[in-house]
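Sequential numbering from 1 along the given sequence is applied to the chain's residues.
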Amino acid sequence: MPDSSDTATKVRRPLYERLTSLRGGVNFAMPGHKNRVEFDFSAADDITEFTGADNLLDPKDCLLEAQREIAAAYGVAQSVIVPAGSTTGIKIALYLATSPGDTLLIQRNAHISLFHAAVELDLDFEYIECAADPSNGLYRGLDPAELVRALDAHPEVRGVFLTSPDYFGGILRLKEIAEIVHARGKVLIVDEAHGAHLAFSSLASVSAVNFADYTVQSLHKTAPALTGAALLHMRRREERARLLKGMRLFMSTSPSYLVMASSEYAVANMARDWDEARVVRMRKQLIERVFAIKVVENRGEGFAAEDPVKFLFRIPGWRGEDVVSALAEKGIYLEMGDAHYALAILSPYHTDEDVSKLAEALNRLTPRDEDIVFHGGAYPAEEKVLRPREAFFKETESVALSNAAGRIAAENITPYPPGIPIVIYGERVTEGILKRIEENRDAIGIEDGEIAVVKEEL
């Protein structure tokens with residue numbers, strides 16, 4: 001066994017070294033506090049469930065009271081603090097809303113967490129059309145008439161799972177959608193991970209908390225909370241025993257009190273002073289000051305509204321991912337870049353200097369000639385072969401992408417961000433899917449040019 005003093009001198013801290021090297025940058029990505037908020041708690045408050053601190057998995061004191069305050073702020077019957085991200089919140093919501101073997105109606109722009117939950121809870125899916133506008137290559141939302149057609153075609157579904165806002169800020173027409181879903185006796189679950197702030201803005205009336213039976217939010221995405229802070233809201237009170245059973249199944253027995261404190265802080269902060277006017281002013285300044293920028297403002301009738309915190313733009317002739325890389329070299333960090341667009345998440349917590357630095361950096365990117373062709377659809381047509389859980393537990397093998405056509409996916413292939421899979425467990429890998437995978441060779445699930453597929457029986 002090595003001498004402890006020798007070991008201490010040899011163990012480097014590469015994570016700490018990288019984190020400290022990034023200090024001082026300008027953050028237009030997550031988390032929502034933008035490294036600009038001074039929290040009123042500290043590491044001195046990092047405790048566990050000793051006497052007097054309550055217990056999230058059996059809350060009876062301060063945590064129960066905190067959750068009631070949060071529910072009142074959002075105008076819902078019940079809220080749960082989820083200090084393990086909206087991924088965990090989605091799993092708890094689905095546990096409450098479904099039974100093993102149920103089928104959900106979804107759009108294919110759902111976050112990867114939904115498909116992981118399907119494996120754990122043995123759920124299956126039917127799909128509502130999820131196409132893109134060919135004029136911009138972006139998801140075009142959901143016409144309620146399309147939902148009606150999908151429900152007519154699949155009356156057996158237990159409920160509908162939707163994402164609103166989507167990653168780029170499009171907010172669905174949830175009032176109409178909820179009326180359709182509830183009229184048929186179905187449950188509506190909404191992943192509002194990117195919209196925890198909406199209830200405190202001019203867009204409060206289109207927030208999912210008004211309409212969904214279960215709404216899941218990631219506070220850390222847009223609100224001043226630590227990474228991992230999430231909430232689960234319910235329109236009706238859930239039976240305590242069943243709710244706690246789901247929480248205990250999916251949550252850690254050692255939840256972070258700092259993350260929970262930041263959740264409480266974020267909601268109180270937004271309820272007191274969410275400065276949406278400041279965000280709108282920042283958008284206007286960037287549009288006016290960056291001479292070559294092309295900003296996506298309105299994506300059509302499939303949405304009820306667009307969230308101003310999502311600043312989606314193009315620089316002619318530049319790949320979005322190249323814009324992200326060029327700005328990162330200057331210490332300015334954007335949320336995402338793809339083949340065409342770059343995304344900055346604006347916040348009331350940004351300073352005027354932050355916005356000036358972003359504008360100046362973008363003006364250094366000289367526009368280029370372009371012959372732009374957008375994808376005809378946001379996601380390739382899918383062919384389900386196996387239920388997600390069945391595919392996950394099948395024997396697998398790795399095959400080169402060149403040999404994957406026609407095989408059944410045993411792993412999700414997921415560009416990250418935004419965490420929306422190109423193919424999921426149990427879907428057939430088609431030529432259209434392979435084309436998308438080839439365009440995202442750094443996606444999670446690709447290893448040395450190979451993907452996992454269900455092993456074929458000889």
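Centroid-to-centroid, the aromatic rings of Tyr139 and Phe303 come within less than 6.0 Å.
Taking the charged nitrogens against the carboxylate oxygens, Lys357 and Glu353 do have a contact shorter than 4.0 Å, which makes a salt bridge. Between Glu179 and Arg184 there is no salt bridge, since none of the side-chain N atoms of the basic residue sits less than 4.0 Å from a carboxylate O of the acidic one. The residues Asp338 and Arg319 are annotated as not salt-bridged, no charged nitrogen and carboxylate oxygen being separated by less than 4.0 angstrom. The pair Glu360-Lys330 fails the salt-bridge criterion, with no side-chain N (NZ, NE, NH1 or NH2) lying under 4.0 Å from an Asp/Glu carboxylate O. A salt bridge between Arg235 and Asp213 is absent, with no side-chain N of the basic residue lying under 4.0 Å from a carboxylate O of the acidic one. Contact check on Glu370 versus Arg314 returns a salt bridge, with a Lys/Arg side-chain nitrogen under 4.0 Å from an Asp/Glu carboxylate oxygen. Under a 4.0 Å N-O distance rule, the pair Arg173/Glu176 qualifies as a salt bridge. A salt bridge does not link Glu456 with Lys394: none of the charged nitrogens is closer than 4.0 Å to a carboxylate oxygen. With respect to Asp352 and Arg278, a salt bridge is recorded, a charged nitrogen being found less than 4.0 Å from a carboxylate O. Salt-bridge formation is not detected for the pair Lys245/Glu238: no Lys NZ or Arg NE/NH1/NH2 atom is positioned less than 4.0 Å from an Asp or Glu carboxylate oxygen. Between Arg36 and Asp354 a salt bridge is recorded (basic side-chain N to carboxylate O distance below 4.0 Å).
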Decide yes or no on side-chain contact (heavy atoms from CB on, under 4.5 Å) for Val80 and Leu231, but give the supporting numbers first. CA-CA 6 Å; Val80 172; Leu231 299 172; over 6 Å; no
For Asn35 and Tyr333, run side chain to side chain donor-acceptor pair (under 3.5 Å): C-alpha distance rounded to whole Å, both residues' side-chain angles, the deciding distance at 0.1 Å, then the answer. CA-CA 12 Å; Asn35 310 106; Tyr333 303 103; over 6 Å; no
Between His350 and Phe28, does the ring-ring contact (aromatic ring centres under 6.0 Å, His included) criterion hold? Intermediate values first, please. CA-CA 9 Å; His350 280 128; Phe28 286 93; 4.2 Å; yes
Decide yes or no on ring-ring contact (aromatic ring centres under 6.0 Å, His included) for Tyr74 and Phe200, but give the supporting numbers first. CA-CA 8 Å; Tyr74 279 97; Phe200 309 104; 5.0 Å; yes
Assess whether side chain to side chain donor-acceptor pair (under 3.5 Å) is satisfied between Ser135 and Asp133, documenting all intermediate values. CA-CA 5 Å; Ser135 70; Asp133 182 339; 2.7 Å; yes
Ser207 and Glu192: CA distance, side-chain angles, deciding distance, side chain to side chain donor-acceptor pair (under 3.5 Å) verdict: CA-CA 8 Å; Ser207 170; Glu192 195 177 59; 3.1 Å; yes
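Defined by atom type and a distance below 3.5 Å, a donor-acceptor pair is missing between the side-chain atoms of His233 and Gln78. A donor-acceptor pair shorter than 3.5 Å cannot be found between the side chains of His197 and Lys221.
A cation-pi contact links Arg242 to Tyr95, judged by a cut-off of 6.0 Å to the six-membered ring centre and 45° from its axis. Geometric assessment of Lys310 against the ring of Tyr167 yields a positive cation-pi assignment under the 6.0 Å and 45° thresholds.
Ring pair Tyr425/His116 is tilted by interplanar angle, where 30° to 60° counts as tilted. Ring planes of Phe115 and Phe125: perpendicular class, angle over 60° (limits at 30 and 60°).
No side-chain heavy atom of Asp275 sits under 4.5 Å from any side-chain heavy atom of Tyr349.
To the nearest 0.5 Å, atom NE2 of residue His220 and atom OG of residue Ser262 are 10.0 Å apart.
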